[in-house]
Amino acid sequence: MSPLLPGGNHDRTRRRDASTATSVASVTSKSSRVRVAKGAAIVGIGALVTGCAENAVQDTFQPAGTNAQEIDDLARPVFYIAGVVGVIVLGVVAYVVFRYRDRGQPIPEQTHGKPALEIALTILPALILIGVAIPTVGTIMALSETDDTECVVNVTGQQWWWEFDYPVQDGCLPGGITEPIVTSGQMVIPADMNVLIRGTSRDVIHSFWIPRLNGKRDMVPGRVHNLRMQANEPGIYAGQCAEFCGLSHANMRMEVAALTPDGFAEWVENQVADYTPPEEGTLAAEGEASFIANCARCHQVNGLEDDTGNLIVSRPDLQVYPGAAPNLTNLMTRNTFAGATWSMLRPGCRADVWEAPSDEFTDRYLEGVTPDCFAEIDMREWLRNAPAKKPMYADPEKLEPTDGLYRGMPYLALSEDQIDQLLAYLLELK
Ligand code: CUA
């Protein structure tokens, strides 16, 4: 046993000579250096390889809208200039470190005060910074422009999903929007139109970010922040909450689906269409009753009526801390759920939508979730025990600070029969 290891013989430890200690120490430091080098190589190669993904859905370097293009036009030259400066500085540092390292030579003659050099090294960085600052200020002003928007969507963040509501307005469509629409997870917009996002939050600060369409904008409780969103072509663009907002921050995603003008009109018409109850005697009809008993307290389905013919109005404000739960009217026209974290489409069907060429995208998106494409496993697990699938403060023991109000969907103790009924019902919400 090495005399240096803990638990070694104390007498021998005391008797060890200096040269043994030095050689053991140098072996240890060499092997630890090899370990550090191996670790650094793995991390470096990993970063390089993952940074090379060509079809990354959240790639700021593949702008698909005007604002993202402006950001790209600024970021690339700045990145290149900073890269050249970085390479020069690191190169000079590396050269000096190796060329002049201490080999026991005498300390060289000390000098100071080289005015020409000092003035040059002050002016050069100042010129570079001015060169970067002018286009940066211009870009910031261009990005904050919202006067040219033609369609309004209110975006509200909360733990841990995004709500999109379309107020009654003259914009978005030639005839405007005549009834409010509330949806979540996926924001549907007309392609090639400047959309005004009016963003806020119901609990903590979140940040709305669709990398291929625009930069980040914080969504702050009690304030409304504006952001312009525009997509050049029909397609679907992924995003992610970009401000740490609690337990399921990483599960707070969103997507923007940009449709052709006709496709958007069709989407709006379907969203405001009258509710069609499931046919009597079907599993879906049992599901509707089960939904009313278990889900309708929080989740609104517009047009849903109770036994006596009264409209059911959900009251999530009595159950959840932020005061809202996703409106599930026409759920199956979206294709993700629970903060856009899980797909409701099977992988092949999802690829048909995500990889559709832009002239075919609108039709594929408007198909929504069909029974053949429904990826029910995730939804089944969600209904069985939501907090086990996505970390949320839905544990009664952790609700003291919120006066017993949940953050996120609680465990509902549904039976497998009830889950079958609910799935059949949800599949008809379209
Ligand atoms: Cu919301 Cu992070």
Side-chain angles (χ1 to χ4, degrees), residues 50 56-60 65 67-68 71 143 153-166 182-189 195-229 236-257 298-300 316-317 319-328 331 334-344 378 382 386-395 398-399 401-403 405-410:
T50 52
V57 291
Q58 299 190 130
D59 189 350
T60 45
N67 282 23
I71 294 170
L143 291 178
V153 183
N154 295 321
V155 173
T156 310
Q158 62 196 298
Q159 288 168 322
W160 288 273
W161 56 282
W162 294 94
E163 181 174 271
F164 305 109
D165 89 73
Y166 301 68
V182 183
T183 182
S184 60
Q186 290 182 327
M187 179 167 88
V188 180
I189 61 171
V195 175
L196 173 63
I197 286 180
R198 296 194 299 208
T200 189
S201 163
R202 293 195 177 100
D203 41 33
V204 299
I205 300 175
H206 302 273
S207 178
F208 195 79
W209 187 36
I210 309 287
R212 294 192 62 201
L213 300 184
N214 206 339
K216 298 166 186 172
R217 182 63 43 101
D218 275 8
M219 301 299 178
V220 181
R223 296 180 61 105
V224 175
H225 288 172
N226 292 338
L227 180 68
R228 184 178 57 189
M229 198 57 73
I236 188 158
Y237 307 94
Q240 161 76 49
C241 175
E243 177 78 33
F244 180 70
C245 55
L247 211 51
S248 261
H249 159 68
N251 294 320
M252 185 168 171
R253 302 186 196 170
M254 59 288 206
E255 286 148 13
V256 170
C298 289
H299 292 292
Q300 178 76 30
D317 53 312
Q319 313 286 336
V320 287
Y321 178 71
N327 183 315
L328 299 185
L331 174 67
R334 314 163 205 174
N335 55 44
T336 54
F337 75 99
T341 305
W342 287 280
S343 176
M344 292 200 287
D378 285 312
W382 178 255
K389 194 158 176 65
K390 175 170 171 175
M392 298 178 288
Y393 301 116
D395 176 351
K398 293 176 182 153
L399 301 178
T402 56
D403 266 339
L405 295 174
Y406 294 108
R407 291 176 195 265
M409 180 156 141

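Ligands are counted one by one from 1 in listed order, and the atoms in each one are counted from 1 as well.
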Check the pair Trp161 / Phe337 against ring-ring contact (aromatic ring centres under 6.0 Å, His included), numbers first and verdict last.
-> CA-CA 9 Å; Trp161 56 282; Phe337 75 99; over 10 Å; no

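- Annotation: side chain of His299 is in contact with side chain of Pro326 (closest heavy-atom distance under 4.5 Å).
- Distances from atom 2 (Cu) of ligand 1 under 2.8 Å pick out these protein N/O/S atoms: Cys241 SG, Glu243 O, Cys245 SG, His249 ND1.
- For the pair Asp378 and Lys389, the salt-bridge criterion is met [side-chain N within less than 4.0 Å of a carboxylate O].
- With contacts defined as side-chain heavy-atom distances shorter than 4.5 Å, the pair Leu227/Met229 qualifies.
- By the neighbour-count criterion of 12 heavy atoms within 6.0 Å, atom CZ of Phe164 is densely surrounded, having more than that number from other residues, nucleotides or ligands.
- Thr402 has its side chain within reach of Arg407: a pair of non-hydrogen atoms, C-beta onward, lies under 4.5 Å apart.
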